[in-house]
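Have a look at the structure below, then the notes.
In what follows, residues are counted from 1 in the order of the sequence shown. For ligands, and for the atoms within them, numbers begin at 1 and follow the listed sequence.
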Amino acid sequence: MDKTTTTAGKCPVMHGGNTATGASVMDWWPNALSLDILHQHDTKTDPMGASFDYRDAVKGLDVEALKKDLHALMTDSQDWWPADWGHYGGLMIRMAWHAAGSYRIADGRGGAGTGNQRFAPLNSWPDNVNLDKARRLLWPIKKKYGNKISWADLIILAGTVAYESMGLKTFGFAFGREDIWHPEKDTYWGSEKEWLATSDDPNSRYSGDRNLENPLAAVMMGLIYVNPEGVDGKPDPLRTAKDVRETFARMAMNDEETVALTAGGHTVGKCHGNGDAALLGPDPEAAEVEDQGLGWINKTARGIGRDAVTSGIEGAWTTHPTQWDNGYFAMLLEHEWESRKSPAGAWQWEPVDIKEEDKPVDVEDPSIRYNPIMTDADMAMKMDPEYRKISERFYRDPDALSEAFARAWFKLTHRDMGPKSRYIGPWVPQEDLIWQDPVPTGRADYDVNAVKAKIAASGLSVSDMVATAWDSARTFRGSDMRGGANGARIRLEPQKDWEGNEPERLARVLATLEPIAAESGASLADVIVLAGNVGIEQAAKAAGIDVSVPFAPGRGDATAEMTDGESFEPLEPIHDGYRNWLKKDYVVSAEELMLDRTQLMGLTAPEMTVLVGGMRVLGTNHGGSKHGVFTDREGALTNDFFVNLTDMANTWVPTGSNLYEIRDRQTGEVKWTATRVDLVFGSNAILRAYAEVYAQDDSQEKFVQDFVAAWTQVMNADRFDLA
Ligand code: HEM
């Protein structure tokens, strides 16, 4: 419990203020579904209002002036938090790396795209100690350029300019990261109840032979990646190497990128641990109001400059820590290292023997020199045989390191922005990079109605058309803007073979649609979506309602060469969630997976409800789960799912598997089979309330209109080219 709640709880009548978050519904019923995750970042919490569009506003930014100011800031040391050796580069880079480095491929969450480092829990993570100072140092610049620059963009730009100012030729930079105004509710950071809990913790993220729980990509609660002192705090570079390899792979980085990033990161700056870590004040979330939102303040000692304590490790890696050079490998590979304790009591590696002039100087007094240091992760770059080969190559060829690092830094800091079409500004690199999932622009000048007529005459059923379009579009996730119908990657490996995509049906439908695309000049991606729209229009008509589903042509077809198949694996849907999580050890209920995926697709709970209700009556196999169609009027877009689900003439009978039988209460006749996920829309109080809206006698028209709106949103979720 923190101080605020203790004081408020003193009075026998008032236990905590009305704003305290304790005793919520979730506290009483911890297994309740949290629909809240679908309603985050509402316009009500956004001080800019619904009409403000950051991605428009940033186009009016004077980017050259901003960059000039950032360069000046790097060497403008402030008394309240002096720059080491008069240069803030190291601090700014660590801030940017920790913003970007929380990204993980399993669910695409984390990353630098939202400015979430300003909020809990990240603003108070043990690994983010003193990054609050870095952001406060940037405040005058944020203040000057105002809403034309988001915190999310500024944090990454500051790290990038820091490298430039120390001599690296960077690969580029794109604007376009929009800030959130409220901490995220949907990101799972682990279930430990203690910061930096070791792997023997009862709620550990590790099981078996050091298997890290998905979707996590850090070894401890409150760290970005690995423990710098060693696995569970015990120095052992070879064990740490395994942790580094696993965690960096979960951020989509291979060995070469990992060595480049670690070496390039630690070519500049230093670790801070010259003092007793126990003297540090509380983190920002727990700090007193007079500390102005800063945390970890050391009121008992100087605590700044050479006395700063951050990680507890103390020292710089290279001789010249404000220069981009090849000093990291010279230091690492040319010396023998032994593990010692820092002044703060942390494990670190120091050279057994080193010439005085090769030691880095003190951050305040250049006449004093100290030993350089390595963390256990740095030692892994030397001791692990694969990493070592790469390290030696980079040592011999500094230009190769600069090039590999510049590219890896760009990937690290832009990975969660999605395709290149979302990049804004004059410093966007022209080259197409495979991790951007490139899609060529498709034609928009063909006759849409003629294509629709051909599809309608092709003999495909409503279910075939709707299922294929849905399967093609539903991989989209807004967390890192990947997947979706654009590119028609559903016809490529691995998607064409995913169980949830019903490979045989898919192959048959594609064989019908491909010639239509070829004849008309439309992309297959467009034709797949158009077929879905034709199916919806036919199904609505069968239910007595005429609708025209909105459509914007112009999707392109990606080729296999443009596709990193392996990187699509985490997007595989199963049981209404992503297969990756089930394959591994992230065991949650199917309903939770459905909510999670709905959140990633950017849909609200009512939109999810109406979409599920429509899919169930159209006979589509939603995510590989086998179930009935919940209606006697197959192929008609009726509200029957909701009517039948809420009808007390039916009973739901468990069969012992994930399936339930829907039986007539009187006759016992089995009418349909349903999954747990289906039934949740009739049982969960909130979802049932939505279902009831669509089950009423006068709901049919509203159901179809709402379904078409939600459907269109899913089909266009990845049309960044339209924005
Ligand atoms: C392999 C995993 C890594 C580990 C375990 C690690 C660990 C650490 C630690 C313990 C510090 C000291 C923080 C302090 O006390 O001030 C630090 C600082 C730093 N790290 Fe890393 N790091 C890793 C990877 C990276 C990467 C990939 C980058 C950037 C590409 C990076 C950039 C930096 C920079 C620039 C600093 C200096 C901060 C300053 O001068 O204030 N690190 N790192």
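Remark: Tyr103 engages no residue in a ring pair (Phe, Tyr, Trp, His ring centres under 6.0 Å) (not counting sequence neighbours).
A cation-pi arrangement is found for Arg482 relative to Phe568, the charged atom lying closer than 6.0 Å to the ring centre and inside a 45° cone about the ring normal.
Among protein heavy atoms, the minimum distance from atom 30 (C) of ligand 1 is reached at Leu261 O, 3.5 Å. For atom 40 (O) of ligand 1, the closest heavy atom belonging to the protein is Lys270 N, 2.9 Å. Counting protein heavy atoms only, atom 12 (C) of ligand 1 is closest to Cys271 SG, 3.3 Å. In terms of protein heavy-atom proximity, atom 38 (C) of ligand 1 is closest to Gly90 O, 3.4 Å.
For ligand 1, the atoms lying closer than 4.0 Å to a non-hydrogen atom of Ile93 are 35 (C). Atoms of ligand 1 found under 4.0 Å from any heavy atom of Val226, numbered from 1 in the order shown, are 5 (C).
Within the 4.0 Å heavy-atom criterion, both parts of His272, backbone and side chain, lie near ligand 1.
Taking distance alone, with nitrogen or oxygen atoms compared against 3.5 Å, Trp317 stays at or beyond that limit from ligand 1. Checked against a 3.5 angstrom limit, the closest N/O atoms of Tyr163 and ligand 1 fall outside it.
Between the Gln323 side chain and the His320 main chain, no donor and acceptor come within less than 3.5 Å of each other. Side chain of Arg369 to backbone of Asp358: no donor-acceptor contact under 3.5 angstrom is found.
The number of protein N, O or S atoms lying under 2.8 Å from atom 21 (Fe) of ligand 1 is 1.
Residue Asp200 places its CG atom among more than 12 non-hydrogen atoms of other residues, nucleotides or ligands, all under 6.0 Å distant.
Between Trp324 and Tyr163, a ring centre-to-centre spacing shorter than 6.0 Å is recorded.
By the 30° and 60° cut-offs, the orientation of the rings of His266 relative to Trp317 is parallel. Taking the six-membered ring for Trp and thresholds of 30 and 60 degrees, Trp97 and Tyr225 have nearly parallel ring planes, at less than 30 degrees apart. Ring geometry for His414 versus Phe173: interplanar angle over 60°, hence perpendicular rather than tilted (30 to 60°).
Note that NZ of Lys299 and CG of Asp291 are 4.0 Å apart. Values are rounded to the nearest 0.5 Å.
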